[in-house]
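Comments concern the structure below.
Just the heavy atoms: all of them, side chains too, but no hydrogens, waters or symmetry mates, feed the values below. By convention here, the first residue in the shown sequence is residue 1. As the structure is a computational prediction, the values presented were derived from the model and not from experiment.
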Amino acid sequence: MQSRLREFNGEPYTRRLVSTVRGQVPENLPLKGGKALDTEPTHIIFPSAVRYVDLGSPHLIAGKADGAENVIRVKATVRNFREETNFSVITESGSFYTFNVKYAEEPLLLSVEMKDFIHDGSTVNRPNNALDIYLQDLGSESPKLVRLIMEAIHKDNKRNIKHIGSKSFGIQYLLRGLYTHNGLLYFHTQLCNTSHVPFDIDFITFKIVDKKVMKRTAIQEQVIFPLRAYNYATVVAGKKDERTVFTLDKFTIPDDKMLVVELHEKNGGRHQSFTVENEDIVRAKVINELKVK
């Protein structure tokens, strides 16, 4: 698996498990019950998206499961290798996992749910040597702290901004709050569906555009991609609402430009959009780190 991790600080606490994997050489695939064994790798399901995998031996191969960012498939490249080996995984949340691996012809488990083996750091004390891993896209901010901030914003549910939003076709899209901490911006949005027809979200875009250009082109737009999203809903039922917290890298807007946040309905026409001025960005509320830990 190709690594997208650039660096991490400190020696992180490792969650170590003994795992078994099964696999066969592709040129010689024995059958069991008419099924090739190489189609049954061990699947490991993580609480968040996998960013990096390091295999400790050429006897192992691994890759992300199709369509799933938090699931990896691991299997052996040779049969009955005797030496115990290992591999490591780093996830988007900043967690570092190390696995000891032995070959097994008949593993007890073909899928492993990591939530069954790890504690909830918010309710159980973490070890003294537990340090956070820092991912490049978040700069100097800890992924765990970013998640805690997003959770705190969502839980507090304060509406500090009351002049930014849009409403049409029974759909209301609001910016409830704008926050900043350590070089990152947090947008707290709310989608209200006052109609009886469910609203299926296709995609959401953040773009900086010229104020005076009525017909915008791709060249005149600067697209900003969120780094993280908390409670990202894909559908809002009738007479319901959903709130999402987006994390973006810090930016400011020139006076002749504005930020446009667009919400598109899947297979529908009830699209929504609102604009954010530079004065709104610079007035973002500073997060008190001590209140979210």
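- No side-chain donor-acceptor contact under 3.5 Å links Arg147 and Ser48.
- In this structure, CZ on Phe99 lies 11.0 Å from CG on Asn86, to the nearest 0.5 angstrom.
- Counting non-hydrogen atoms of other residues, nucleotides and ligands closer than 6.0 Å to CZ of Arg283 gives a total of 12 or fewer.
- No donor-acceptor pair under 3.5 Å is formed between the side chain of Asn193 and the backbone N or O of Lys239.
- In summary, the aromatic rings of Phe206 and Phe225 are positioned with their centroids too far apart to meet the 6.0 Å limit.
- Not one N or O on the side chain of Thr180 forms a donor-acceptor pair closer than 3.5 Å with the backbone of Ala284.
- Just one of Ile201, Thr234, Asp200 meets the side chain to side chain contact (heavy atoms under 4.5 Å, CB included) condition when paired with Lys266; it is Asp200.
- Remark: the backbone N or O of Asp255 is paired with a side-chain donor or acceptor of Lys211 at under 3.5 angstrom.
- Taking a cutoff of 4.0 Å between a charged side-chain nitrogen and a carboxylate oxygen, Lys155 and Glu151 do not qualify as a salt bridge.
- Comment: Arg79 engages Glu105 in a salt bridge, judged by a side-chain N to carboxylate O separation of less than 4.0 angstrom.
- There is a side-chain donor-acceptor pair under 3.5 Å between Glu141 and His181.
- The aromatic rings of Phe187 and Phe251 lie parallel to each other, with less than 30° between the two planes, well short of the 60° mark.
- One distance of note links OG of Ser57 with CZ of Phe87; it measures 12.0 Å at 0.5 Å rounding.
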Output side-chain donor-acceptor pairs under 3.5 Å for residues 162-176, partner residues at least two apart or in another chain, one line each.
residue: His163; atom: NE2; partner: Asp280; partner atom: OD1; Å: 3.1
residue: Ser166; atom: OG; partner: Gln272; partner atom: OE1; Å: 2.9
residue: Ser166; atom: OG; partner: Ser273; partner atom: O; Å: 3.3
residue: Ser168; atom: OG; partner: Gln272; partner atom: NE2; Å: 2.9
residue: Arg176; atom: NE; partner: Asn157; partner atom: OD1; Å: 3.2
residue: Arg176; atom: NH1; partner: Gln190; partner atom: OE1; Å: 2.7
residue: Arg176; atom: NH2; partner: Asn157; partner atom: O; Å: 3.3
residue: Arg176; atom: NH2; partner: Asn157; partner atom: OD1; Å: 3.3

